[in-house]
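Okay, so here's the structure we're looking at.
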Amino acid sequence: MNPLFYYLEQLLVVHDCVVIPSLGAVLKEPIAARYDVKQGLIYPAGEQYHFNNALMERDGLLERCYAEAYAVSLRRAQIILTKDVEEAKQLLLEHKELTLGSIGLLKLQSNGSIDFIPSDREKILGCGSAYGLLPMPFRMASSRAEVIAMESLRKQQPKSSRRFRIDANTFARAAALFVVLFALLPFLSPSSSSRYSAGFVSVSPEQNKEVEAAPKVIEETKPAEEPSTNLVPIQEEVQKYFIIIASFTTDARCEQFIASQKDHSFAATIGTMRKGKHILVYTNGYATQDEALKAREELIEAYPKEHASAWIFNASALQK
């Protein structure tokens with residue numbers, strides 16, 4: 001399919017007239033809604049195409065459409081458009097007819113004139129059927145006498161046979177009000193003491209005296225034993241030696257580095273300490289230097305490429 005016809009259809013969606021240079025112009029005519037008396041149908045509004053071969057001057061619509069579609073300049077777009085128009089004219093001369101997509105059909109007569117046959121209006125994008133607006137049956141009175149007869153028949157109907165229409169919103173509100181009243185009915189009804197009589201047990205005076213005469217048993221509570229004070233206090237080990245794996249001068253870079261170590265085995269014990277302007281990142285702390293040396297060797301063995309430069313820092317220097 002010649003791309004000329006595709007872009008022509010796209011332009012006719014928003015424009016009423018599009019000129020094909022050196023060939024003619026396609027015009028779009030709006031058609032109002034109409035009523036077919038014989039068929040008893042109401043047809044929605046639509047559109048119809050016409051062709052005028054006297055309009056051949058460029059209007060620039062196709063050129064700009066080609067330029068946007070091919071991402072080229074207007075001069076280059078004009079050259080491409082001229083080539084497509086020449087191909088379309090050549091097909092018209094060879095086959096004596098040319099189909100303009102869903103717009104219609106051009107026929108070349110023996111005298112050199114061009115006739116245009118528009119396509120079915122249901123195929124046009126601006127037609128009502130394209131948006132689901134189909135013809136609707138509607139019966140109209142054929143004469144005034146029939147109208148008068150129908151009006152008199154309506155007036156002669158008894159009032160008891162008249163139908164009342166209830167709006168859907170009114171019906172929904174009434175139903176909601178009924179549900180609310182039904183739910184509040186237990187609270188609105190008066191209360192009676194007989195409803196709660198099952199919750200009390202009558203006691204005779206003799207039984208009441210027996211209960212009062214029963215000896216009261218008082219349990220003596222022994223004072224709580226005081227905890228023994230002879231316990232040996234447990235001395236917590238002070239962590240002095242820390243394995244340092246990184247050092248930063250800003251908090252942002254430090255937090256970013258700690259986030260990158262969350263998948264490591266020491267992620268639960270990782271921490272930071274400050275030494276002057278530097279922020280030291282450590283994996284864990286130990287009470288003795290031997291423990292720290294052993295843990296450093298295990299760290300380097302587990303992560304030889306990443307933490308081979310880990311070192312031990314004595315935190316007791318910060319307390320001085």
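Below, all heavy atoms of this structure are taken into account, side chains as well, without hydrogens, waters or symmetry copies.
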Do [X] and [Y] make a side-chain contact, defined as non-hydrogen atoms from C-beta onward lying under 4.5 Å apart?
{"X": "Tyr286", "Y": "Ile243", "answer": "yes"}
{"X": "Leu299", "Y": "Phe266", "answer": "yes"}
{"X": "Val19", "Y": "Glu57", "answer": "no"}
{"X": "Pro21", "Y": "Glu63", "answer": "yes"}
{"X": "Leu12", "Y": "Val18", "answer": "yes"}
{"X": "Val85", "Y": "Leu4", "answer": "yes"}
{"X": "Lys96", "Y": "Lys107", "answer": "no"}
{"X": "Lys275", "Y": "Leu280", "answer": "yes"}

At their closest point, which heavy atom of [X] faces which heavy atom of [Y], and how far apart are they?
{"X": "Cys17", "Y": "Ala25", "result": "SG-CB, 4.1 Å"}
{"X": "Phe5", "Y": "Ala88", "result": "CZ-CB, 4.2 Å"}
{"X": "Leu74", "Y": "Ala67", "result": "CD2-CB, 3.9 Å"}
{"X": "Ile300", "Y": "Ala308", "result": "CD1-O, 3.8 Å"}
{"X": "Gly104", "Y": "Phe116", "result": "CA-CE1, 3.8 Å"}

A quick test of your reading: do over 12 heavy atoms of other residues, nucleotides or ligands sit less than 6.0 Å from [atom1] of [X]?
{"X": "Glu301", "atom1": "CD", "answer": "no"}
{"X": "Glu94", "atom1": "CD", "answer": "yes"}
{"X": "Arg58", "atom1": "CZ", "answer": "yes"}
{"X": "His278", "atom1": "NE2", "answer": "no"}
{"X": "Gln256", "atom1": "CD", "answer": "no"}

To the nearest 0.5 Å, how far apart are [atom1] in [X] and [atom2] in [Y]?
{"X": "Ile79", "Y": "Asp84", "atom1": "CD1", "atom2": "CG", "result": "12.5 Å"}
{"X": "Arg274", "Y": "Cys254", "atom1": "CZ", "atom2": "SG", "result": "8.5 Å"}
{"X": "Ile114", "Y": "Leu92", "atom1": "CD1", "atom2": "CG", "result": "5.5 Å"}
{"X": "Leu105", "Y": "Asp115", "atom1": "CG", "atom2": "CG", "result": "10.0 Å"}
{"X": "Glu87", "Y": "Thr82", "atom1": "CD", "atom2": "OG1", "result": "11.5 Å"}
{"X": "Thr272", "Y": "Asp251", "atom1": "OG1", "atom2": "CG", "result": "8.5 Å"}

Determine whether the aromatic ring centres of [X] and [Y] lie less than 6.0 Å apart.
{"X": "Phe257", "Y": "Phe248", "value": "yes"}
{"X": "Tyr66", "Y": "Tyr7", "value": "yes"}
{"X": "His264", "Y": "Tyr303", "value": "yes"}

Short side-chain donor-acceptor distance under 3.5 Å, Thr288 and Asp290 = no
Donor-acceptor pair between His307 and Gln261 side chains, under 3.5 angstrom = yes
Answer with yes or no whether the hydrophobic clustering places Leu98 together with Phe51; edges join I, L, V, M, F, W, Y residues whose side-chain heavy atoms lie under 4.5 Å apart.
-> yes
Is there a side chain to side chain contact (heavy atoms under 4.5 Å, CB included) between Glu97 and Leu106 once you walk through the steps?
-> CA-CA 5 Å; Glu97 62 181 27; Leu106 293 179; over 6 Å; no
